Amino acid sequence: MLYSKMLIPTLREEPKDAEIDSHKLMLRAGLVRKSAAGLYTFLPLGFRSLLKVTRIIREEMNNAGAQELLPPFVTPADLWKESGRFDKMGKEMLRFKDRHDNEMVLGPTHEEAFTNIVRENVHSYRDLPLNLYQINTKFRDEIRPRYGIMRCREFIMKDAYSFDADEAGLEANYQAMRTAYRNIFRRCGLSVDPVLADSGSMGGSGSEEFMVPSQVGEEMIVKCNSCGYVANTERAAAYREYPESKETPEVLSETSTPSVRTIDELTAFFKTTPQKFIKTLIYIADGAPIVALIRGDMDVNEVKLKNAAGAIELELASEDKVYEITGAPVGFAGPVGIKKIRIIADISVPPMVNAITGANRKDLHLVNVNPGRDFEWEKAADIQSIREGDLCPECRKPLNAYHGIEVGHIFKLGYKYTDSMNVVFLDKDGKEKKPIMGCYGIGVGRTIASVIEQSHDENGIIWPMSIAPFHISIIPVNVSDETLMEASRKLYAALKQNYEVLMDDRDERAGVKFNDADLIGIPIRITVGKTFAAEGKFELKLRAGKDKEVLSETDLIRRIGEIYAEETAKYSGN
RNA sequence: CGGGUUGUAGCGCAGUUCGGUAGCGCGCUUGGUUCGGGACCAAGAGGUCGAGAGUUCAAAUCUCUCCAGCCCGACCA
């Protein structure tokens, strides 16, 4: 490809709206342009890399026995109503009506669509197992899109859905995807950690996220350096001891606490430790209030609470609601006397003796509150947030915390959709059964952004060979020098046979070309300039390195062959 | 949805306090000189100043309304 013919609008200055390196570089290198908040155009250069990533994904998915198909981006709302998610999805699902007044949805995810395809076309155990996938556009009307391609509203995702006759089959599919994912990210030159993730109602080891460790990641991960335990803080369970208290339960009494409401204020007021308090939080779970209890020195993890409560939507109650429910302003809620409202207690609460809680009356707290004696709870569960330094649940060593970008997620869905949408097949024994599902996603754009986030320097992107938009760039230093141009054209024609080559034939100064080449980040750079004029040799430099090699045409072609073979091996499918 | 902030040429910005008919750098076009790390000289093109309404002889500038972008928050009693 000739540079002069290609649309590569590089930018000298940093776009002011970009915050993170990958976003700045994708804009500066002319890979993408924004159309509106969370909506991006992939320009020719960016699209080439996108296609390479999707090619790798396809190879690995197909290799793992999955089959690609292409459902429409627009889904009829009926399917969503059937699964019960139409009302539960919230505003991130964009809805609209067509000219016939039919309700439609821009697919934010495709469980329903795939389940429906299977329901209509699969009727026998002979058709199973199946793993179907698409690489398609998704739309989620995010509250706040940010970081460019990292968190978009419209984005490209590979999502796969597996259907098996039994759990053993699901496990096999899951493991195949796990392997495929490791291969995909390795081939893209990304180093990722598979971490234990929240698995919703399924529990167990049925959910892993593939995380790229990065400062700009939006997820928090804890990792144990001694045994290797890695988990998303949404689900990580710290090891904690709850020693039996030596105190004997005392008589419940009230204490006036005018305007003392936070744990800090209360700790100071009562001259005690946060561990003495039972923090009482009021949440609204699927429209109904619930009470969450936790020891004063800990925080509630809403994902865990949501799971413990079996809720789909969970949000903290507003101040007004708190007043309505407890009869007291925020800061004075407590479990004693709460009726007809579900109470979920953290496992830290039942062992407490002579605790302090709000009295559900303004400016009043209760002391010597004893769980079981003074109040009951529906369920005790681990609903606590984990923090850096908490102990590893496996080996009890302190955990480290870091940020990660979620580029992939695999998890076992179970029967959720085959139940709600009533999908059945006839098993060997002649009985109707429901297939068990798994779900496996990869954010394609996010993968590219993560690679750039992980592989760049102050001058620009450093592409891994496997997903670079081109393998080689040729820079004739002076286009008005016919000798150089002649040699460049000849070299270009030769290399083009085996490689993807970008020839910078623009009438620009050498400095401009070098800087653009660095920005764009093509792995191999060949300069045709003074060394050619002097001794008929080419200069070869790798984007990732500093050294330059001066080589004759024959040596150059051989050297490129070596480098390419080496790189290809590094990112190969095996 | 709340708080903050910004909308002026393709990009980055000044001009708004104190109204007088729009400017700088980069980029772009043409010509020339240059040519190995973002050259120089000269001449140009390019703007409904986010939108609308109002005040005024006169509005980028003052008033009101709306829209959009960005950042923070929407989480701990």
Side-chain angles (χ1 to χ4, degrees), chain A residues 9-20 23-24 27-28 30 33-39 90-91 143-148 233-234 257 259-267 274 277-284 291-303 305-306 314-319 321-323 325-326 328-335 346 356-360 362 365 383-385 458-460 475-481 484-485 504 506-519 525-534 538-539 541 548 550:
Chain A
T10 59
L11 262 23
R12 280 195 190 192
E13 292 182 74
E14 286 195 349
K16 68 166 178 176
D17 289 347
E19 276 214 301
I20 63 172
H23 188 197
K24 288 178 190 167
L27 256 9
R28 286 231 293 138
R33 281 294 183 268
K34 184 167 82 169
S35 326
L39 305 177
K91 287 199 180 150
I143 296 176
R144 216 182 121 198
R146 67 184 113 180
Y147 297 154
T233 49
E234 283 180 352
T257 52
S259 300
V260 185
R261 38 184 96 214
T262 66
I263 292 292
D264 279 352
E265 289 163 8
L266 285 160
T267 306
F277 297 89
I278 299 175
K279 202 146 82 173
T280 306
L281 281 63
I282 316 296
Y283 282 90
I284 305 296
V291 172
L293 305 177
I294 194 163
R295 209 170 69 189
D297 60 318
M298 299 180 186
D299 293 322
V300 166
N301 175 326
E302 290 187 1
V303 175
L305 175 60
K306 201 195 285 189
L314 182 81
E315 58 173 356
L316 205 63
S318 65
E319 290 191 21
K321 288 262 190 199
V322 171
Y323 198 93
I325 293 157
T326 67
V330 165
F332 301 98
D346 181 61
I356 304 169
T357 74
N360 296 327
K362 189 173 189 299
H365 276 77
I383 57 167
Q384 45 191 258
S385 292
E458 66 279 10
N459 297 319
I475 299 183
V477 145
N478 183 347
V479 292
S480 50
D481 182 329
L484 294 187
M485 285 312 287
D504 195 346
R506 294 175 300 166
D507 183 11
E508 286 288 353
R509 315 198 82 216
V512 172
K513 296 189 186 187
F514 288 141
N515 280 308
D516 275 338
D518 285 348
L519 219 206
R525 186 184 89 192
I526 298 160
T527 310
V528 188
K530 64 184 174 195
T531 57
F532 188 83
F538 300 92
E539 181 185 287
K541 181 183 172 296
K548 296 170 183 170
V550 177

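Predicted, not measured: the structure shown is a model, and the values here were computed from it. Below, chain A is the first sequence line, B the second, and so on; all start at residue 1.
Nucleotide B:G44 is matched to B:C28 when pairs are restricted to Watson-Crick or G-U wobble geometry with both distances under 3.5 angstrom. The partner of B:A68 is B:U6, judged by Watson-Crick or G-U wobble contacts that both fall below 3.5 Å. The pairing partner recorded for B:G54 is B:C62, the criterion being a Watson-Crick or G-U wobble arrangement whose two distances lie under 3.5 angstrom. Applying the Watson-Crick and G-U wobble criteria (two distances, each under 3.5 Å), B:C13 pairs with B:G23.
Candidate nucleotides B:C1, B:A77, B:G36 were compared by shortest atom distance to the side chain of A:Ile282, and B:A77 ranks first. Distance from the side chain of A:Lys548 is smallest for B:G37 among the nucleotides B:A77, B:U34, B:G37. Side-chain atoms of A:Lys279 lie closest to B:C76 of the nucleotides B:C76, B:G37, B:G36. Residue A:Lys34 has its side chain nearest to B:C70 when only B:G37, B:C35, B:C70 are considered. Checking B:A77, B:G36, B:C71 against every side-chain atom of A:Arg146, the shortest atom distance belongs to B:C71. Comparing B:C70, B:A77, B:C26 by their closest approach to the side chain of A:Arg12 singles out B:C26.
We find that CD of A:Glu508 is positioned 10 Å from C1' of B:G27, with the value rounded to whole Å. Rounded to an integer number of Å, the gap from CD of A:Glu234 to P of B:C75 is 15 Å. The interatomic distance linking A:Arg506 (CZ) with B:C28 (C1') rounds to 14 Å, in whole Å. As a whole-Å value, the separation of A:Lys24 NZ from B:C70 C1' is 14 Å. The distance between atom CZ of A:Phe514 and atom P of B:G36, rounded to the nearest whole Å, is 9 Å. What separates CZ of A:Phe532 from P of B:G36 is a distance of 16 Å, to the nearest Å. Across the protein-nucleic acid pair, A:Asn515 atom CG and B:A39 atom P stand 8 Å apart, rounded to whole Å. Taking atom CG of residue A:Asp481 and atom P of nucleotide B:C35, one finds them 11 Å apart after rounding to whole Å.
Across the C1' atoms, B:A39 and B:U5 are found 38 Å apart, a figure rounded to whole Å. A distance of about 16 Å separates the C1' atoms of B:U16 and B:G50, rounded to the whole Å. Using P as the reference atom, B:A51 and B:A68 are 15 Å apart when rounded to the nearest Å. As rounded to the nearest Å, B:U56 and B:A60 have C1' atoms that lie 16 Å from one another. Comparing B:U48 with B:G10, their P atoms sit 9 Å apart, to the nearest whole Å. To the nearest whole angstrom, the two P atoms, one in B:G52 and one in B:A9, are 16 Å apart. Distance check on atom C1': B:G31 versus B:A53 gives 49 Å, rounded to whole Å. A distance of about 47 Å separates the C1' atoms of B:G4 and B:A42, rounded to the whole Å.
Remark on RNA chain B: of its neighbouring residues A:Arg525 and A:Leu281, the 5'-side contact belongs to A:Arg525, judged by nearest-heavy-atom nucleotide. Nucleotides of RNA chain B nearest to A:Pro145 and A:Lys513 differ in position, and the one nearer the 5' end is that of A:Lys513.
Between A:Glu14 and A:Lys24 a salt bridge is recorded (basic side-chain N to carboxylate O distance below 4.0 Å). With respect to the salt-bridge test (charged N to carboxylate O, under 4.0 angstrom), the residues A:Lys279 and A:Asp346 do not qualify.
Counting any heavy atom pair closer than 4.0 Å across all strands shown, A:Ile475 reaches no nucleic acid atom. A:Tyr283 comes within 4.0 angstrom of a nucleotide base, judged by non-hydrogen atoms across all strands. Residue-level contact check: A:Val322 touches the bases, meaning some heavy atom is under 4.0 Å from a base atom. If you check every strand for non-hydrogen atoms under 4.0 Å, A:Thr531 touches a base. A:Ile294 comes within 4.0 angstrom of no nucleic acid atom, judged by non-hydrogen atoms across all strands. Within the nucleic acid shown, A:Gly511 comes within 4.0 Å of sugar-phosphate atoms alone, with no base atom in reach, counting heavy atoms only. Note on A:Asp516: a base of the nucleic acid sits closer than 4.0 angstrom, heavy atoms only. At a threshold of 4.0 angstrom between heavy atoms, the contacts of A:Ala333 with the nucleic acid are absent.
Nearest heavy atom pair, residue A:Pro274 against residue A:Ile263, reads CB-CG2, 4.0 Å.
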Where do N or O atoms of nucleotides 2-13 of chain B meet protein N or O atoms at under 3.5 Å, pair by pair?
residue, atom, partner, partner atom, Å
B:G12, O2', A:Glu13, OE1, 3.4

Protein N or O to nucleotides 40-48 of chain B N or O, pairs below 3.5 Å:
none

**OP:** In sequence, state the C-alpha distance, the side-chain angles, and the governing distance for A:Ile278 and A:Ile356, and then conclude on side-chain contact (heavy atoms from CB on, under 4.5 Å).
**Re:** CA-CA 6 Å; A:Ile278 299 175; A:Ile356 304 169; over 6 Å; no
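Distance check, rounded to the nearest 0.5 Å: CZ of A:Phe538 to OG1 of A:Thr531 gives 8.5 Å. For the atom pair CD1 (A:Ile475) and CG (A:Asp516), the distance works out to 8.5 Å, reported to the nearest 0.5 Å. How far OG of A:Ser385 is from CG of A:Asp299: 5.5 Å, rounded to the nearest 0.5 Å. Taken from OG1 in A:Thr257 to CZ in A:Phe332, the straight-line distance is 5.0 Å, to the nearest 0.5 Å. Here the straight-line distance linking atom CD1 of A:Ile383 with atom CG of A:Leu293 works out to 7.5 Å at 0.5 Å rounding.
If you check distances only, the side chain of A:Asn478 never reaches the base of B:G36 with a donor-acceptor pair under 3.5 Å.
For the OP1/OP2 pair of B:A39 and a distance below 4.0 Å, the side-chain nitrogens and oxygens of A:Arg509 include at least one atom meeting the criterion.
Between the side chain of A:Thr527 and the backbone N or O of A:Gly529 there is no donor-acceptor pair closer than 3.5 Å.
Each of A:Val528, A:Asn478, A:Val479 was evaluated against A:Met485; a single residue qualifies, A:Val479, per the side-chain contact (heavy atoms from CB on, under 4.5 Å) test. Tested against A:Tyr283, the residues A:Lys306, A:Lys321, A:Glu302 include a single side-chain hydrogen bond (donor to acceptor under 3.5 Å, both in side chains) partner, A:Glu302.
Side-chain contact between A:Arg525 and A:Phe514 is present, with at least one heavy-atom pair separated by less than 4.5 Å.
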